[in-house]
Number of protein chains: 2
Amino acid sequence: MLNYYLASMYEQLEKSIREKVKISAEEFELCKTFFIPKKLRKKQTLLLEGDVCTYNAFIEKGILRSYATDEKGNEHVIQFAFEGWWISDLASFLQGSNSTHTIEAIEDSELLLLTYTAREDLMSKLPVFETYQRILLQNAFIAFQSRVNAALNSSAEEKYLKLTSAYPDIIARVPQHMIASFLGLTPETLSRVRKQISLRR
Amino acid sequence: MLNYYLASMYEQLEKSIREKVKISAEEFELCKTFFIPKKLRKKQTLLLEGDVCTYNAFIEKGILRSYATDEKGNEHVIQFAFEGWWISDLASFLQGSNSTHTIEAIEDSELLLLTYTAREDLMSKLPVFETYQRILLQNAFIAFQSRVNAALNSSAEEKYLKLTSAYPDIIARVPQHMIASFLGLTPETLSRVRKQISLRR
DNA sequence: GGTAGATTAAGAAATGGTATTGATCTAAAT
DNA sequence: ATTTAGATCAATACCATTTCTTAATCTACC
């Protein structure tokens, strides 16, 4: 039982790394020792706006979001992160600056945390982990580029359809007003968009 | 004279690398050998939509932009790149897929090109170069995150003011309709926004 | 003097803001 | 466990605002 539990604890992480680089069983065992497991209940936060982001979090289970709050008190969802993804406020994590984001669990979630020094250590002891991190960043960069493009050049409906066709289960797992915020729409506009779509069926 | 010319050819590159990692004079000399110098005149292209992006370009001098063309034939500026920046279509460069972007010089420009294999070679022979690349990506990622936020949650005027206060000389060096496209606005809207701002002075 | 780029005006379209309602979830009290 | 009060969320209606579209000048510069 214990073994099973431990194996499942790092299952997504191993999968994520092996998708991107070659790593031996021993290397992965070493790798695991740098992470701190952590559970979050729904609505609990990993990072509060204003604090320094001390962890890079890998998500074994659940969904998190990061959001920023503007002068008028409106929350703007920056990112959703599902199983197998990473989340953090990179600017704060890397530069040690105060975070402008809050990171919060949307469902009960299981995380693997990596501190700044653990990450530096791991990259220097295991160069393949630096390569893994670089590839992650490359992919994130590409994804962001297409998101910027969608944000600037697509209508509300196009943005919603692109998001839901890329991530179909987001509809069931994430409240609609958070999806609206992620797309830069008011909840009312998203509701109207959905109505339009359903009328056309 | 020749020495002076050669030194200036790699000046920005050396500055960019030294800002991010420690590198010896010998290592930088080695580094230089992997790059191919190239000059572009205004409006010449480095990459055409549909081709595979075979180069990662570092800009020693000048300005470039990348843009995508939509179904209606409208150009959408994805990125501007000034002296000391990198530009490419990363998705195409890394995955070997057909590019959806065109990369074009806005001014007469001097570039240093890195092919895919040269980049891989350089990263394996000079691990500090992989670190440099990772830090570049981290910075690009952070910049993109705030751009997404601005794109989704700022008005036309806010986006324009943010851009011009971050890069004041963009106004003089880049045609206004390209700035409008970069901000996801029509040229007419940007013109009206500028008028509003000037009236308030 | 022709052409690309910038400005301006007027009406159209998309999206936002406010308010209301109904449904559902949550948590405390019994 | 059940009930109930409050909170949360989604849908909708009505009006306001922003941005787009089209089209007509205006300008600057090869």
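Since the model is a prediction, treat every value here as computed from it, not as a measurement. So that the names make sense, note that chain A is the first sequence line, chain B the second, and so on, each numbered from 1.
Taking only side-chain nitrogens and oxygens, A:Q176 comes nearer than 4.0 Å to OP1 or OP2 of D:dA11. The shortest distance between the side-chain N/O atoms of A:R194 and the OP1/OP2 oxygens of D:dA10 is not below 4.0 Å. A close approach under 4.0 Å does occur between a side-chain nitrogen or oxygen of A:H177 and OP1 or OP2 of D:dA10. Not one side-chain nitrogen or oxygen of A:K195 sits closer than 4.0 Å to the OP1 or OP2 atom of D:dA11.
Each of B:E75, B:Q79, B:H101 was checked for a side chain to side chain contact (heavy atoms under 4.5 Å, CB included) with B:R65, and the lone residue meeting it is B:E75. Each of B:Y55, B:Y116, B:W86 was compared with B:F93 under the ring-ring contact (aromatic ring centres under 6.0 Å, His included) criterion, and only B:Y116 meets it. Test A:Y67, A:Y167, A:F182 against A:F80 for ring-ring contact (aromatic ring centres under 6.0 Å, His included) and you get one pass: A:F182.
Every side chain to side chain contact (heavy atoms under 4.5 Å, CB included) that B:K72 has, sequence neighbours left out, goes to B:D70, B:N74. Every residue meeting the side chain to side chain contact (heavy atoms under 4.5 Å, CB included) condition with B:S191, not counting sequence neighbours, appears here in chain and number order: B:Q176. For B:K125, the side chain to side chain contact (heavy atoms under 4.5 Å, CB included) partners at least two apart in sequence or on another chain are B:F34, B:D121.
Between A:D70 atom CG and C:dG16 atom P the separation is 14 Å, expressed in whole Å. Note: CG (A:L183) to P (C:dT15) measures 11 Å, nearest angstrom. If you take CG of B:N153 and P of D:dT19, they are 13 Å apart, rounded to a whole angstrom. Put simply, CD on B:E75 is 14 Å from C1' on C:dG5, counting in whole angstrom units. In this structure, NZ of A:K43 is placed 12 Å from P of D:dA7, rounded to the nearest angstrom. In this structure, NZ of A:K42 is placed 13 Å from C1' of D:dA7, rounded to the nearest angstrom.
Sorted pairs that involve residues 174-190 of chain A and meet salt bridge (Lys or Arg N to Asp or Glu O under 4.0 Å), not counting sequence neighbours, are lacking altogether.
Within a heavy-atom distance below 4.0 Å of DNA chain D, the residues of residues 155-165 of chain B found are B:S155, B:A156.
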Exercise for the section: Determine, for nucleotides 20-25 of chain D in 5'-to-3' order, which nucleotides have protein heavy atoms under 4.0 Å from the base (write B), from only the sugar-phosphate (write S), or from neither (write -). Expected result: BBBB--

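Residues A:S109 and A:K39 bring no donor and acceptor atom of their side chains to less than 3.5 Å of each other.
In this structure, B:F144 has its ring center at least 6.0 angstrom away from the ring center of B:F141.
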